[in-house]
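Have a look at the structure below, then the notes.
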Amino acid sequence: MDKYIPSKIEPKWQRWWERVGLYRTMEPTAEKPKLYCLGMFPYPSGAGLHVGHVRIYTASDVLARFFRARGYTVLHPMGWDAFGLPAENDAIRNRQNPSDRVSGNIKNFKRQMKMLGLSYDWSREFATCDPSYYRWTQWLFLKLYEKGLVYQAEIPINWCPSCRTGLADEEAVGGKCDRCGAAVTKKDMKQWLLRITSYADRLLYDLDDSSLDWPPGIVKMQKDWIGRSEGVEINFAVLGSERETINVFTTRADTIFGVTALVLAPEHPIVAALLNSKLQVPDSRKEEVKKYVENSRRKSDLERTELAKQKSGVFTGCFAVNPINSEKIPVWVGDYVIGAYGGGAVMVVPAHDQRDYDFARRHNLEIRQVVKGGNVQESAYEGRGILINSGEFSGLESGKAIEAIADWLEKRGLGRRAVSYKMRDWVFSRQRYWGEPFPLIHCERCGVVPVPYEDLPVKLPYLKSYEPTGTGESPLAAVEEWVNVKCPRCGRPAGRETDTMPNWAGSCWYFLRFADPGNSKLPFSKDSMAKWLPVDWYLGGAEHAVLHLLYARFWVKVFYDLGLLSFKEPFVRLRGVGIVLAEDGRKMSKSWHNVVNPDDVVRDYGADALRLYEMFMGPWGQVIPWSTRGVAGCARFLNKVWDLVTEACSNEAREVVEADERIRLMHRTIKKVTKDIENFSFNTAIAALMEWVNRVKSGKSRIKNSCQGALSREEARTLLKLLSPFAPYITEELWQKINAFNQNDFEKEKSIHLVPWPQYDLKLATTKKVTIVVQVNGKLRDKMELERGSTKEEVEKLARHSARLKKYLERKEIKRVIFVPDKLVNFVTS
RNA sequence: GCCGAGGUGGCGGAAUUGGUAGACGCGCGAGACUUAAAAUCUCGUGGUGGCAGCACCGUAAGGGUUCGAUUCCCUUCCUCGGCACCA
């Protein structure tokens, strides 16, 4: 008998499957509807595939194989997120030009994916840095540009001094660069931005679409990120100025009579007006404000938030007028106020906002209570309540007061109801080499001119010197022969935009391109969209909750508005994977020397064992430490399967066995595995298969006649098929053997992976007998093996005669008998 | 601080319209095979007590509802993840 040696069979099947085109995408039909199953494509780093990748891609492969067997036409593609900061940093670290580095990494990733037996249709592969792909990224960008969703602004942006580039808010995690961990500082730079905020409401409300099946946690994160709040914008006139007002956003207009100061962010235009003397204030004040502003601008976001525990600030010397009662209010500047939110100014109501309270205590501002409740001598009262000291509004409840005050202000043009979002517009430029060039040209006469569609792509030149300059300009700016072009509109000398797009640009729409990867006329045809989109199953890491997943939704909504797409949400079902930790429970990291390399695992145990383990290690969404012994356990199980199935085919006599319980066990297992895969409970699906094998092997399945300890051929076929999504190699090998197919001439039709999924008979998917639990006062005292469907009378009678129960029921009065059919009987005594 | 998820053997975990707690795997113990070891196979494996039949305890802690609670409710503690001056 042959032994199970993974390295002997796995490469063989890889070659056969590729040769016969087993995973080539078919055309969907009415009988075989489409199903689009996608794992988030990776950025191909130099480290190769991580076992965390393996978890995602194995799950998507299990789904793809499962749904193919269930009669769907499956689209299951793979590609490379190869542009952008991560790829470029990896290249710089390894002193290799990004384009060379990336192609080497892709080759390695692809080798590893093939090794794992992932059933991708490689004919649809592309990388975001391929000119034939980014041509269309640029094309789509121009569509956004034409729609007015792209604009340039001189704004203080997140600046990573280490990567020497601007970052999006989403990339400045906790004040640190998402990629390198350096503290992010602010820098004023002219940037391209995408007007994602104009889609804020739709990005928010469409999350509640009932057809969207997303993890609630990710939905919540996106909602919080968008951060919609309703309130009132109140205009405070600046004293000593004709036109200037300070507009303040507040959700608590009911506290307006409690305002004892205004605080401006250092970035606020009024502060600038003060400093350049457009507004008159005493020179001493001006000096102090200047110092303060300069100081806070030098701070990184991190420092600003840390130091903010004690709320610093200086009085500007300037006053404003409270529109509700014409009171004179001092204007301060303080860096706890965020420049980009709600106009960059707040009204300070110390009695009813803890931050304002802290600020007021520190700077000796008046604390004036205007809502009943709490003890404002000790801390702010932030709850709602009845208004006091509020003129004509006194006596109103907060909610009503907000409406009344909003009406009052609106009527007089002193304010208006407003909505504010935490989400900002998306900083879309990077001062780096490795990204899609903007298809824009700066002409002195015509301004910004888009590159004509027929001139796309604007190719990224191959540069010897590609490292970031740190001047705030991309390395491309130094390449004169690339920068200098003629203006497409007037023909005069002009220059290309030299910033590049962030890596999110390519990943915003790659899932669309997979449906139509070869299209040279359009990014994607309408036909292909109707055929394959939206994505039915999208699997990936939860770390993309507010990055890729939000950006991709934004672009899809824009394309919908442009008539390019007929759906509004790209990903119907989303499933986030849990991180795979190292064996020591820490994160896998090169510096800890605890990284598990899939190549080593495959070498030692085979790809099937690795795949099986990754699906078996625990619930899919959960963080779980790696266990090499766990892999070994899965390899042992595969060995058992190998032996059992090999034995089954050499023993024809067992074919005829019709042991009822064994057939029932098989049907139960089919049902369990089917349901579990649908519910993403891969671990319990595999456990059910192991249990089946164990019970067959140990002959515990209550059969008397024969076949004890061995599989019938029908059982063997079913077992192989149920196992095939998880372990495609060994099941294919055994399938060929058990059917005595000629292995020297493999035919596509003979593959186990094209065999339909086993059906289960609901009537057979139960046991014939059931264990009925006998309790006294809820405590387990006995068990009985009875026919399913026994009546209360039968069960009770049998239970009363149980010898074990005797001592518990003696001299006791039975007050109640609780009976749950096929489950339990419980005697309640006094 | 706020929000979300969670807390079950030595470990990863299973079981919840309330009904046998610990499936499956790892580890561990014993045995078989072997000169021996590894591998493999068989049996055992929540804790305490008992030769045993068995009894009691046990799902973070405390309380409640119930014939019966890992599951439902309240209080407290802890872990992980996200957000973090958003006015």
Side-chain angles (χ1 to χ4, degrees), chain A residues 173-175 215-221 223-225 227-229 231 248-252 255 263 304-309 311 334-349 352-356 358-359 382 420-424 542-543 545-546 576 578-579 581 583 585 612-613 616-619 621-634 636-637 639-640 643 681 683-694 697-698 771-783 804 807 814-820 822-829:
Chain A
V173 181
I218 292 185
V219 170
K220 185 78 172 50
M221 272 155 88
K223 286 186 175 177
D224 288 350
W225 186 265
R228 184 181 201 276
S229 49
V248 162
F249 176 78
T250 180
T251 55
R252 292 298 301 273
T255 63
V263 184
R304 219 166 124 164
T305 41
E306 266 173 6
L307 294 173
K309 297 236 156 92
K311 296 194 173 13
D335 63 10
Y336 78 96
V337 177
I338 292 164
Y341 184 80
V346 299
M347 57 184 218
V348 176
V349 185
H352 303 292
D353 183 293
Q354 193 55 43
R355 295 157 305 184
D356 294 348
D358 297 342
F359 187 78
E382 295 187 329
S420 214
Y421 301 91
K422 282 194 201 180
M423 185 170 70
R424 320 278 153 75
E543 72 271 17
V546 287
I579 298 167
L581 299 174
E583 201 132 17
L612 195 65
Y613 172 67
F616 180 63
M617 64 198 304
Q622 199 162 302
V623 178
I624 291 189
W626 180 261
S627 161
T628 301
R629 290 182 188 276
V631 184
C634 288
R636 263 197 289 277
F637 169 69
N639 240 312
K640 267 191 233 176
D643 290 346
S681 298
N683 54 333
T684 51
I686 294 165
L689 291 171
M690 288 173 168
E691 196 180 346
W692 184 18
V693 166
N694 289 345
K697 275 204 83 173
S698 64
T771 306
I772 293 194
V773 172
V774 183
Q775 297 180 336
V776 177
N777 293 327
K779 284 216 168 202
L780 173 72
R781 296 302 177 189
D782 199 5
K783 293 174 191 176
R804 291 187 189 206
K807 64 175 173 180
I814 296 172
K815 287 168 73 180
R816 254 174 95 188
V817 179
I818 286 149
F819 175 71
V820 183
D822 295 334
K823 286 253 167 86
L824 100 169
V825 59
N826 184 16
F827 296 101
V828 185
T829 67

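A note on names: the letters A, B, ... follow the listed sequences, proteins ahead of strands, and every chain is numbered from 1.
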How many whole angstroms separate atom CG of A:D353 from atom P of B:G1? 18 Å
Syn-anti status, with the boundary at 90° from 0, for the nucleotide B:G9: syn
What contact category does A:S420 fall into here, base, sugar-phosphate, or nothing, at under 4.0 angstrom with non-hydrogen atoms? nothing
Using heavy atoms to find the nearest nucleotide of RNA chain B for A:L824 and A:D224 separately, return the residue whose nucleotide is more 5′. A:D224
In the strands shown, is B:U45 matched to any nucleotide by a Watson-Crick or G-U wobble pair with both distances under 3.5 Å, and which? B:G27
For B:G63 versus B:A69, give the span between their P atoms, rounded off to a whole number of Å. 14 Å
How far does the P atom of B:C80 sit from the matching atom of B:A36, given to the nearest Å? 50 Å
If I take atom CH2 in residue A:W626 and atom P in nucleotide B:G12, what distance separates them, rounded to the nearest angstrom? 17 Å
Less than 4.0 angstrom between a side-chain N/O of A:K779 and OP1 or OP2 of B:C57, yes or no? yes
According to the Watson-Crick and G-U wobble definitions, with both distances under 3.5 Å, which nucleotide is paired to B:G81? B:C3
Could you check how far CD1 of A:I579 sits from P of B:A5, rounded to whole Å? 18 Å
Spacing between A:K697 atom NZ and B:U40 atom P, to the nearest angstrom: 11 Å
At under 4.0 Å between heavy atoms, what does A:I624 touch on the DNA or RNA strands: base, sugar-phosphate, or nothing? sugar-phosphate
Going by purine N1 to pyrimidine N3 plus the second Watson-Crick contact, or the G-U wobble pair, all under 3.5 Å, which nucleotide sits opposite B:U35? none
Go ahead and name the base partner of B:U70; Watson-Crick or wobble counts if both distances stay under 3.5 Å, otherwise write none. none
Look at all strands and tell whether A:K220 reaches a base, only sugar-phosphate, or nothing, counting heavy atoms closer than 4.0 Å. sugar-phosphate
Take atom P in B:C77 and the same atom in B:U66, then report the distance between them in whole Å. 28 Å
Taking B:G29 as the reference, what is the distance to B:U16 when you measure between their P atoms (whole Å, please)? 34 Å
Report yes if some heavy atom in the side chain of A:E583 is under 4.5 Å from a heavy atom in the side chain of A:S627; otherwise report no. yes
Quote, to the nearest angstrom, the C1' distance that separates B:G27 from B:G46. 15 Å
Figure out the CD1/P separation between A:I818 and B:G68, and round it to whole Å. 8 Å
For A:R816 and B:C67, what is the distance between atoms CZ and C1' respectively, to the nearest whole Å? 5 Å
Just checking A:R228: base, sugar-phosphate only, or nothing, at a heavy-atom cut-off of under 4.0 Å? nothing
Rounded distance (Å) that lies between atom C1' of B:G68 and atom CG of A:D782: 17 Å
What is the distance, to the nearest angstrom, from the CD atom on A:E543 to the P atom on B:G81? 13 Å
Expressed as a whole number of Å, how far does the C1' atom of B:A14 sit from that of B:G31? 29 Å
Watson-Crick or G-U counterpart of B:A14, or none if no pair lies under 3.5 Å: none
Under 4.0 Å, heavy atoms only, any strand: does A:Q622 hit a base, just the sugar-phosphate, or nothing? sugar-phosphate
Quantified in whole Å, what is the P atom distance between nucleotide B:A87 and nucleotide B:G64? 43 Å
Are A:R424 and A:I338 packed together at the side-chain level, in the sense that at least one heavy-atom pair is separated by less than 4.5 angstrom? yes
Once you apply a heavy-atom cut-off of 4.0 Å, does A:P216 come out as touching a base, just sugar-phosphate, or nothing? nothing
Complementary nucleotide for B:U20 - Watson-Crick or wobble, under 3.5 Å: none
Parallel, tilted or perpendicular: which describes the rings of A:F359 and A:Y336, with under 30° parallel and over 60° perpendicular? tilted
C1' atom, B:U71 versus B:U17: distance in rounded Å? 11 Å
When every nucleotide of nucleotides 21-32 of chain B is labelled 5' to 3' by its protein contacts under 4.0 Å (heavy atoms), B for base, S for sugar-phosphate only, - for none, what sequence of letters results? --BBSSS-----
What is the distance from atom CZ of A:R629 to atom CZ of A:R636, rounded to the nearest 0.5 Å? 9.0 Å
With both distances under 3.5 angstrom, what nucleotide forms a Watson-Crick or G-U wobble pair with B:A87? none
For RNA chain B, whose closest nucleotide is more 5', that of A:V337 or that of A:M221? A:M221
